[in-house]
Protein chains: 2
Amino acid sequence: MATVTPQASGGFSDEQFKALFRFHPAGVAIITLMQGQTPVGFTATSVISVSAAPAVIAFSVQATSSSWVALASTDSLIIHFLSEDQQHLATRFATSGINRFADVQWVCLPTGEPLLLEAGTWTRCTVRDRHQAGGSFLVQVSPEQGCVQDLFVPIIYQGRGFHKLGARVP
Amino acid sequence: MATVTPQASGGFSDEQFKALFRFHPAGVAIITLMQGQTPVGFTATSVISVSAAPAVIAFSVQATSSSWVALASTDSLIIHFLSEDQQHLATRFATSGINRFADVQWVCLPTGEPLLLEAGTWTRCTVRDRHQAGGSFLVQVSPEQGCVQDLFVPIIYQGRGFHKLGARVP
């Protein structure tokens, strides 16, 4: 059985916070948008469904990230949901100092956003709100258009690595 | 290979939205708080790390839920992160019309919040912000205290059921 490290008095350390969310699993998405004529994209593990009626999705982005500069002024973006065989896309769009769009097939939608053709499950969204949250922003978006693959099997990010979905718990 | 259902023109249906987040995997947490002298708790699959410095966690809750009535006026709460063998807790705290605390061991922290003893990974948080998002609220909280189990293996919610974490993708 795992050891419990009690923390009886106040205080939750940076190390505990990091450990907590290293353990916490998440689905993986790539968010893309245009910054002028240039496509911008990044891997996100914070995409959640917030409201069903009206449909609202949210995700967080660090205020110091280069993606935030583009996100701060865009009206629309695409969220691509990654399947179990798309770890390479997740890694590419989390890598700094490269042209993330160089070796992937992408097109612009008629509405202007860059669509990654390899990702079969995606939604184009309009931005409805950007709200500061500590050193980050929570961005709320409304889905407007998209595709959802039948039998989509997601990839999972956990423990600083990617995993397949495991067996169903009865 | 999965079938792609193209949606060339505008519009993202309620069915597509539901399918999208039925496929999207998530970690599972139970959030507890006191409403007067009564413990309140609910299962949440929307807990995300938003900011590391300062540490901020967020989750969403429907404005029409009974939990929101309690959340709207509390200063503090506990987020319990569920491991692969705790599906029963997730199910219990998502069931309506029962006393969710009846058959579980819990205590009040000195600061007043109800702690589920079975959950070894948890954090007591203060509420820093409640922000409307469609028919829900995004709640931002700051971790103040807690425990993180070594070797914690999380349970995953996906496809309307619970799953184990699968094999690491190399």
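Note that the coordinates shown come from a computational prediction; the quantities given were computed from them, not determined experimentally. Naming convention: chains lettered A, B, ... in sequence-line order (proteins, then strands); numbering from 1 in each chain.
When every heavy atom of B:Phe81 is checked against every heavy atom of A:His24, the shortest pair comes out as CD2-ND1, 3.4 Å. Nearest heavy atom pair, residue B:Gln140 against residue A:Gln132, reads NE2-O, 3.2 Å. For B:Phe17 against A:Val56, the heavy-atom pair with the smallest separation is CZ-O, 3.9 Å. Nearest approach of A:Gln158 to B:Arg168, heavy atoms of both residues: O-NH1, 4.5 Å. Of all heavy-atom pairs between B:Gln16 and A:Val148, the closest is O-CG2, 3.7 Å. Scanning both residues, A:Ser46 and B:Ile48, for their nearest heavy atoms gives O-CD1, 3.6 Å.
Residue with the most contacts toward chain B among A:Ala133, A:Pro54, A:Ser60: A:Ala133 (heavy-atom pairs, distance under 4.5 Å). Chain A forms more heavy-atom pairs under 4.5 Å with one residue of B:Gly134, B:Ser83, B:Gly161 than with any other, namely B:Gly134. Ranked by non-hydrogen atom pairs under 4.5 Å with chain B, the options A:His131, A:Glu84, A:Lys164 are led by A:His131. The most heavy-atom pairs under 4.5 Å with chain B, out of A:Asp14, A:Val28, A:Ile57, come from A:Ile57. Interface remark: of the candidates A:Pro143, A:Ala167, A:Ala58, A:Ala167 forms the most heavy-atom pairs closer than 4.5 Å to chain B. Each of A:Gln87, A:Lys18, A:Arg22, A:Gln62 has some count of heavy-atom pairs under 4.5 Å with chain B, and the biggest count is that of A:Gln87. When each of B:Ser49, B:Ala26, B:Gly135 is checked for heavy-atom pairs under 4.5 Å with chain A, B:Ser49 comes out on top. Between chain B and the options A:Ile155, A:Val153, A:Val47, A:Thr121, heavy-atom pairs under 4.5 Å are most frequent for A:Val47.
A:Leu116 and B:Phe23 fall into different hydrophobic clusters, where Ile, Leu, Val, Met, Phe, Trp and Tyr residues are linked whenever their side-chain heavy atoms come under 4.5 Å apart, directly or through other members. Following chains of ILVMFWY side-chain contacts shorter than 4.5 Å, one can reach B:Ile79 starting from B:Val139, so the two form part of one hydrophobic cluster. Both A:Ile78 and A:Leu117 are part of a single hydrophobic cluster, where members link through side-chain heavy atoms under 4.5 Å apart. No continuous path of hydrophobic side-chain contacts links B:Phe101 to B:Leu33 [ILVMFWY only; heavy atoms under 4.5 Å]. Both B:Trp68 and B:Ile31 sit in one connected hydrophobic cluster of ILVMFWY residues. Membership requires side-chain heavy atoms under 4.5 Å apart, directly or through other members.
Both the backbone and the side chain of A:Ala19 come within less than 4.5 Å of a heavy atom in chain B. Using a 4.5 Å cut-off between heavy atoms, B:Leu20 touches chain A through backbone and side chain atoms alike. Both the backbone and the side chain of A:Leu165 have a heavy atom closer than 4.5 Å to some heavy atom of chain B. Only the side chain of A:Arg128 comes within contact range of chain B, with at least one heavy atom under 4.5 Å from a heavy atom of that chain. Using a 4.5 Å cut-off between heavy atoms, A:Ala53 touches chain B through its backbone atoms (N, CA, C, O) alone.
The interface of residues 102-111 of chain B with chain A, defined by heavy-atom distances below 4.5 Å, is empty.
One finds the OG1 atom of B:Thr123 at 8.5 Å from the CZ atom of A:Phe21 (value rounded to the nearest 0.5 Å).
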